[in-house]
Amino acid sequence: MFNLLKKRFSEILEKISNKGIITEKNIKVTLREIRKSLLEADVALSVVKKFIHNVKKKSLGKKFNTSLTPGQEFIKIIKHELIQKLGNDDNTLKFSKKPPSIYLIVGLQGMGKTTSIGKIGQLLHKQYKKKVLNVTTDTYRFAAVKQLELLSLQTQIDFFLFKENNDPKEIAINSIKYAIKKSYDVVLIDTSGRLHTDQKMMLELQDIYKTINPTETLLVVDSMLGQDVTNIAERFSTLVNITGIILTKMDSDTKGGVALSIKELTQKPIKFVGNGEKLDAIEIFNSQKIANRILGMEDIFSLIKEIENKIILPKQKINNLKKKFDLNDFLIYVNQVRNTGGLAYLIKKLPINKTISQLSNTINDKELNNFVAIINSMTKIEKKNPNIIKNSRKHRIALGSGLNVQSVNKLLKQFDIVKKMVEKVKKIGLSQSIKNLFF
Ligand SMILES: Nc1nc2c(ncn2[C@@H]2O[C@H](COP(=O)(O)OP(=O)(O)OP(=O)(O)O)[C@@H](O)[C@H]2O)c(=O)[nH]1
C-alpha cells in the first residue's frame, strides 16, 4: 500500500531532514521532487498544485523556534498537508435518529460494492451491535444476488429475499418496510454496478435515492482507478447526494493517487478503506495513519518500539541507571547492541536527528568488540569518571586493549553521544522523543 509514494518520500525527506536551514532554493528542489512523485502516483494535477502551493507558503519565511531542526519542521508541514488532502473531518457513519438507518451503496461495476456491504454489515453487527439487513436491488445479475446472499450467510446477517417481478425501487421500498416491521437498526442496500455514462441506469439510481432518502449514500471507489475518478464522482454527485466514500483494494498495488485526490475533488469524506478480499479486511478511515504510512513513519514507530523494548535503553532501564551515566553503563549498552545484530541497518534507516544517526556509527560489530576491550582495560575510577582519561591514561588503556589511542578517542566520543542521548531519553522515553519530532 502506497509503496511507490513511500519510497519516493523517504528518499526526498531523508535529504532535507538534516538541513540546518530551509532556504527558498532547497525548498524549491524538494518541492519539485515531491510534485514529480505525486504526479507519478496519479494524484490529480489540481490537487498536486494546491499541495505544493500550501507547503511552500507554510514553510517559507516561517520562524522555527521549536526543538526541531528546520528540516524536521518541513517534514511536519508536509505531514500536516497530507492529512488535509486525505481529509481530516468527521468520517463516522451517521445513524438515523429513528431506525432503521438506510445506507445506499453505489458505484461502477466491480468496484467492490457487494464485498464492502458484507464487510460493513459484519462490522456494524460485531462492533456496533446493530441488527443489520442486507438487501440487493441488482435485478440484472443473478450472480450478484447469490453473492450477497452468500456473504450474508457467512457473516450471519439477515438477507432480504425479494419477489422475482419486483423492480429495484420496489425492492428497496419493500425491504425498508420489512426492516421497520422487524425492528432492524440498519438496512444496507446494494445497487447494481453502472457506468456513469449510462443515462438510463443513472436515472434509475436517482429514482431509488429520491424514494428512500438514505441516511448515507456511499460511493465505492477502487483505489486503482486513475484520473477518471473525477468524472465518475462528479456524475454520481450530480444525481445523488454522496455522503462518503468507500475506498477499496488498498491492499493491491495501488499508487495511492486516488486516496490523495478524492477528498479534494469530491469534498466528501472517505469513510472506509477496504484492504483485502476477506470479510474483516476493512478499516474505518484514519488520515493520520495513512499520512504516517506514506511518510514511512508507521514502520519507523514500530521499529523504534522494537529497539526501545528489546534493545537499547528502555525508560525503566534508564531510570535504573545511576544518576550519572558512566562507562560501566556504556558497556552494558554496547553489549546490548552487540547482541542484536542488524541494528546498525535498522538505525540507519531512521530519518531522524543527527544525534541518533551519529549513533549508528558506533554500531559496527568490530568497533563494538573494540569498545568492550577498551573499557575492560580501564580502572574502576576511570570507568566512573571518563573525563579523567587524558593522554597518559589513553596510552596505557590502548596498550592494555591491544588497540591504539585513536580507538580510545573514538570510544570516548561515542560515549559522549550516547550520554547526551540518554539524558534526553531519560525525560520522556526514546519512542516519545522521536515521535515528538513529527507531531
Ligand atoms: N484485493 C481486494 N479485492 C477486493 C476488495 N474489495 C473487493 N474486492 C474484489 O473485487 C472484486 C469485485 O468485487 P464486488 O464486491 O463483486 O464488486 P461490485 O462493485 O459489487 O461489482 P458489481 O456487482 O459487478 O457491480 C471481487 O473479486 C472482490 O473480491 C479489496 O478491498 N481488496
Side-chain angles (χ1 to χ4, degrees), residues 1-4 86 91 103-124 132 134-155 157 159-160 162 167-168 171-172 175 187-198 200-206 208-209 214 216-226 228-229 232-233 235-236 239-240 242 244-260 262 270-286 289-290 293:
M1 208 189 284
F2 292 115
N3 286 342
L4 178 76
L86 288 160
N91 59 353
Y103 302 139
L104 185 67
I105 314 298
V106 305
L108 299 189
Q109 284 141 355
M111 296 283 108
K113 292 182 293 303
T114 310
T115 312
S116 298
I117 288 192
K119 293 174 179 179
I120 294 171
Q122 176 167 262
L123 187 98
L124 289 173
V132 181
N134 285 345
V135 180
T136 181
T137 57
D138 192 345
T139 51
Y140 301 91
R141 277 200 320 121
F142 180 65
V145 180
K146 283 285 142 207
Q147 186 189 357
L148 188 58
E149 192 174 4
L150 184 66
L151 285 176
S152 306
L153 198 70
Q154 285 169 348
T155 51
I157 300 290
F159 176 69
F160 180 75
F162 59 80
D167 69 18
I171 296 170
S175 70
V187 186
L188 282 169
I189 303 182
D190 199 359
T191 54
S192 64
R194 62 202 73 221
L195 270 177
H196 57 301
T197 47
D198 184 334
K200 187 171 158 268
M201 289 290 282
M202 289 304 281
L203 290 176
E204 177 200 272
L205 180 69
Q206 189 181 42
I208 298 175
Y209 169 82
E216 295 257 21
T217 303
L218 303 171
L219 176 67
V220 180
V221 174
D222 182 335
S223 58
M224 307 266 272
L225 273 177
D228 216 21
V229 71
I232 296 164
R235 183 68 188 134
F236 274 92
L239 295 174
V240 298
I242 301 290
I245 308 282
I246 303 173
L247 206 55
T248 60
K249 310 189 193 177
M250 287 284 278
D251 53 307
S252 47
D253 200 17
T254 167
K255 291 183 186 172
V258 176
L260 277 165
I262 191 107
I270 304 174
K271 300 222 169 188
F272 291 102
V273 170
N275 48 18
E277 292 190 73
K278 293 210 176 112
L279 284 161
D280 56 358
I282 192 157
E283 279 174 33
I284 293 172
F285 181 74
N286 178 335
K289 204 166 152 191
I290 303 257
R293 201 170 287 170

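Counting starts at 1 for both ligands and their atoms, following the listed order.
Inclusion of K113 in the set of residues having an N or O under 3.5 Å from an N or O of ligand 1 is warranted. For a threshold of 3.5 Å applied to N or O pairs, the pair formed by A144 and ligand 1 contains no separation below that value. Any N or O atom pair closer than 3.5 Å counts here, and R141 shares at least one such pair with ligand 1. At a 3.5 angstrom cut-off on N or O pairs, Q109 does not count as close to ligand 1. Distances between N or O atoms of E277 and those of ligand 1 include at least one value under 3.5 Å. Where the criterion is an N or O separation shorter than 3.5 Å, residue side chain and backbone included, D251 meets it with respect to ligand 1.
For ligand 1, the atoms closer than 4.0 angstrom to any heavy atom of G274 are 31 (O). The atoms of ligand 1 that sit less than 4.0 Å from any heavy atom of G193 are 25 (O). Using a 4.0 Å cut-off to heavy atoms of Q147, the atoms of ligand 1 that qualify are 14 (P), 15 (O), 16 (O).
Look at S252 and you'll find every heavy atom at least 4.0 Å from all atoms of ligand 1. Contact annotation: M250 has no heavy atom less than 4.0 Å from any atom of ligand 1. Distances from ligand 1 to the non-hydrogen atoms of V220 include no value under 4.0 Å. The shortest heavy-atom distance from A281 to ligand 1 is not under 4.0 Å.
Residue contacts with ligand 1 for K278 are absent, since no atom lies close enough (heavy atoms, distance under 4.0 Å). Counting heavy atoms under 4.0 Å from ligand 1, residue D190 does not touch it at all.
The heavy atom nearest to atom 9 (C) of ligand 1, out of those in M111, K249, K119, M224, is found in K249. For the residues N275, D138, L151, T115, the heavy atom positioned nearest atom 15 (O) of ligand 1 is part of T115.
Residue N134 forms a side chain to side chain contact (heavy atoms under 4.5 Å, CB included) with just one option from L151, V187, I120, I157, and that option is I157.
With values rounded to the nearest 0.5 angstrom, R235 atom CZ is found 13.5 Å from L219 atom CG.
The protein heavy atom nearest to atom 17 (O) of ligand 1 is G112 N, 3.0 Å. Residue, atom and distance of the protein heavy atom nearest to atom 30 (C) of ligand 1 are G276 O, 3.2 Å. When only non-hydrogen protein atoms are considered, atom 21 (O) of ligand 1 lies nearest to G110 N, 3.0 Å. Scanning the protein heavy atoms around atom 20 (O) of ligand 1, the nearest turns out to be T114 OG1, 2.8 Å.
Here the shortest heavy-atom pairing between S116 and G112 reads OG-O, 2.7 Å.
I189 places none of its side-chain heavy atoms less than 4.5 Å from the side chain of P214. Using a 4.5 Å cut-off on side-chain heavy atoms (C-beta onward), K289 and E283 make contact. L150 has its side chain within reach of Q154: a pair of non-hydrogen atoms, C-beta onward, lies under 4.5 Å apart. Using a 4.5 Å heavy-atom threshold, the side chains of S192 and M201 count as touching. Residues T137 and F162 have side chains not in contact (no heavy-atom distance under 4.5 Å, counting atoms from C-beta outward).
Remark: D222 engages K249 in a salt bridge (Lys or Arg N to Asp or Glu O under 4.0 Å) (not counting sequence neighbours).
Without hydrogens or angle criteria, T217 side chain to L104 main chain gives no donor-acceptor distance under 3.5 Å. With Q122 contributing its side chain and T155 its backbone, the two residues share no donor-acceptor pair below 3.5 Å. Of the possible donor and acceptor atoms, none in the side chain of D138 sits under 3.5 Å from a partner among the backbone N and O of A144.
Every pair tested for side-chain hydrogen bond (donor to acceptor under 3.5 Å, both in side chains) that includes a residue from residues 103-113 fails, sequence neighbours excluded, so the list is empty.
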